2 protein chains.
Amino acid sequence: MISFEQFRMEDGVPIYLQILLYIKRGMVAGTVVDGDELPSRRMLSALLSVNPNTVQKAYRMLEEEGLIQSHLGAKSYAVVSGEKIAQIRTELLENDAQNVVRTLKQMGVTREEALALIVKYWE
Amino acid sequence: MISFEQFRMEDGVPIYLQILLYIKRGMVAGTVVDGDELPSRRMLSALLSVNPNTVQKAYRMLEEEGLIQSHLGAKSYAVVSGEKIAQIRTELLENDAQNVVRTLKQMGVTREEALALIVKYWE
DNA sequence: CTAACTGTATCATATCAGTAATACAGTTTT
DNA sequence: AAAACTGTATTACTGATATGATACAGTTAG
């Protein structure tokens with residue numbers, strides 16, 4: 001069963017996207033493996049205190065990407081392979097890295113300052 | 001006159017926020033200095049191909065933060081001081097750094113990998 | 001002075017995000 | 001078989017984002 005222990009709400013980002021990204025990042029990290037059971041829409045919506053429709057939207061998009069599998073009446077499961085993971089990893093890392101580099105540059109931060117910042121906030 | 005040459009649209013983030021952040025980051029970088037003239041609402045909306053109301057929303061919020069000054073019929077100007085800049089810099093940097101560190105950690109990326117990524121995408 | 005610019009305000013409309021309440025169909029558990 | 005769970009679908013509502021059209025008041029440039 002995929003755990004949502006580490007999930008923390010972040011405002012400014014749509015909830016369905018946060019759920020979708022949390023699962024994708026778990027796949028990249030290896031904490032979500034092929035065949036893992038997902039919490040039901042109702043269970044997860046209760047756990048996160050959001051509407052079942054919001055969870056359903058995230059799950060539907062994951063299914064359209066072929067990353068989870070659902071059948072009427074039955075539980076849903078993760079469907080991942082090494083190739084898919086490599087692809088998601090690249091996609092997510094490029095997005096994060098490019099965004100942070102662009103915004104830091106916009107603020108006139110130097111490369112060395114940027115590296116120091118990462119170290120500082122890594123704890 | 002504040003330049004929007006470097007402005008690039010990013011989807012997923014509200015346009016009024018992108019405009020607001022672009023100006024704030026310019027203040028931190030020193031490319032926007034005290035007394036600088038801002039493009040008029042109509043001019044900027046035409047340049048960015050967005051609605052004048054969207055630009056007005058960004059300008060109104062900047063004014064509420066005391067970072068720009070507007071008078072009916074006259075042009076608008078940046079109003080910044082060293083203290084304000086230091087405050088904005090901290091606010092924006094903390095937000096960016098914390099977010100990127102959190103998402104990279106969620107993906108199981110190590111500190112060294114993270115630093116290598118920054119270097120790679122810095123160009 | 002007049003025209004052309006400024007900021008500001010108010011409508012109406014469309015889309016997306018999120019909530020809320022139900023309903024129905026299939027599976028699993030007891 | 002019945003109860004309790006699953007996924008799926010629909011309808012209605014709110015708020016935020018964004019567009020479009022228009023209007024009015026003050027400032028500046030010709």
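Quantities reported herein were computed from a predicted structural model and do not represent experimental measurements. Chain naming here is simple, since letters A, B, ... match the order of the sequence lines and numbering starts at 1 in each. Just so you know, these numbers use all the heavy atoms, side chains as well, and skip hydrogens, waters and symmetry mates.
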Chemist: CZ of A:Arg25 to CG of A:Asp96: how many Å apart, nearest 0.5 Å?
Modeler: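 Separation between the atoms: 6.0 Å.
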Chemist: Can you tell me how far apart CZ (A:Arg102) and CD (B:Glu10) are? Round to the nearest 0.5 Å.
Modeler: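 One finds 4.5 Å between CZ of A:Arg102 and CD of B:Glu10.
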Chemist: I need the residues from residues 34-42 of chain B with at least one non-hydrogen atom less than 4.0 Å from DNA chain C; give them sorted by number, or say none.
Modeler: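 Heavy-atom contacts with DNA chain C come from B:Ser40, B:Arg41, B:Arg42.
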Chemist: Got a sec: does the CD of B:Glu83 have more than 12 other heavy atoms crowding it under 6.0 Å?
Modeler: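 Count not over threshold, so no.
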Chemist: Which atom names give the shortest non-hydrogen contact between A:Val80 and A:Met27, and what distance separates them?
Modeler: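 Reported closest heavy-atom pair: CG1-SD, 3.3 Å.
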Chemist: What is the distance from atom CG of B:Leu44 to atom CG of B:Leu38, rounded to the nearest 0.5 Å?
Modeler: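 One gets 8.5 Å once the value is rounded to the nearest 0.5 Å.
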Chemist: For atom NZ of A:Lys75, decide whether the heavy atoms of other residues, nucleotides or ligands shown that lie under 6.0 angstrom number more than 12.
Modeler: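 No, NZ of A:Lys75 has 12 or fewer neighbouring heavy atoms, counting only those of other groups under 6.0 Å.
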Chemist: Who passes salt bridge (charged side-chain N to carboxylate O under 4.0 Å, His left out) against A:Glu63, sequence neighbours left out?
Modeler: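 Per chain and number, A:Glu63 pairs via salt bridge (charged side-chain N to carboxylate O under 4.0 Å, His left out) with no residue.
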Chemist: Which heavy atom of A:Ala29 sits nearest to which heavy atom of B:Gln106, and what is that distance?
Modeler: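 So the two residues come closest at CB-O, 3.3 Å.
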Chemist: Taking only heavy atoms on the protein side, list every residue of residues 3-22 of chain A lying under 4.0 Å from any atom of DNA chain C, sorted numerically.
Modeler: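 Correct list: A:Pro14, A:Ile15, A:Tyr16.
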Chemist: Identify, residue by residue, the members of residues 49-64 of chain A with a heavy atom below 4.0 Å from DNA chain C, and return them in order of residue number, or none.
Modeler: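 Only A:Val50, A:Asn51, A:Asn53, A:Thr54, A:Lys57 qualify.
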Chemist: Would you say that more than 12 heavy atoms from the other residues, nucleotides or ligands in this model lie under 6.0 Å from the CD of B:Gln87, or not?
Modeler: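 Atom CD in B:Gln87 is not packed in, count stays at 12 or less.
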Chemist: What is the distance from atom OG1 of B:Thr31 to atom CD1 of B:Ile2, rounded to the nearest 0.5 Å?
Modeler: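 With rounding to 0.5 Å, OG1 (B:Thr31) is 8.0 Å from CD1 (B:Ile2).
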Chemist: Distance check, rounded to the nearest 0.5 Å: A:Leu62 atom CG versus A:Tyr16 atom OH?
Modeler: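 The CG atom of A:Leu62 sits 12.0 Å away from the OH atom of A:Tyr16.
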Chemist: Find the distance between CD1 (B:Ile15) and CG (B:Asn51) and round it off to the nearest 0.5 Å.
Modeler: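 Answer for the CD1-CG pair, B:Ile15 versus B:Asn51, is 9.5 Å.
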Chemist: Heavy-atom contacts under 4.0 Å between residues 73-80 of chain B and DNA chain D, which residues?
Modeler: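 Heavy-atom cutoff 4.0 Å gives B:Gly73, B:Ala74.
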Chemist: Determine, step by step, whether B:Ile88 and B:Leu67 satisfy the side chain to side chain contact (heavy atoms under 4.5 Å, CB included) criterion, reporting the C-alpha distance in whole Å, the side-chain angles of both residues, the deciding distance to 0.1 Å, and the verdict.
Modeler: CA-CA 10 Å; B:Ile88 300 171; B:Leu67 296 175; 3.8 Å; yes
Chemist: Students should find this one: the first and last nucleotides of DNA chain C, 5' to 3', lying under 4.0 Å from a heavy atom of chain B. What are they?
Modeler: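 Nucleotide range with atoms under 4.0 Å of chain B: C:dT6 to C:dT10.
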Chemist: Test A:Asp34 against A:Val79 for side chain to side chain contact (heavy atoms under 4.5 Å, CB included), laying out the working first.
Modeler: CA-CA 5 Å; A:Asp34 190 74; A:Val79 181; 4.2 Å; yes
Chemist: Could you tell me which non-hydrogen atom of A:Tyr121 sits nearest to which non-hydrogen atom of B:Ala97, and how far apart they are?
Modeler: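 Looking at all heavy atoms of both residues, the shortest contact is CD1-CB, 3.3 Å.
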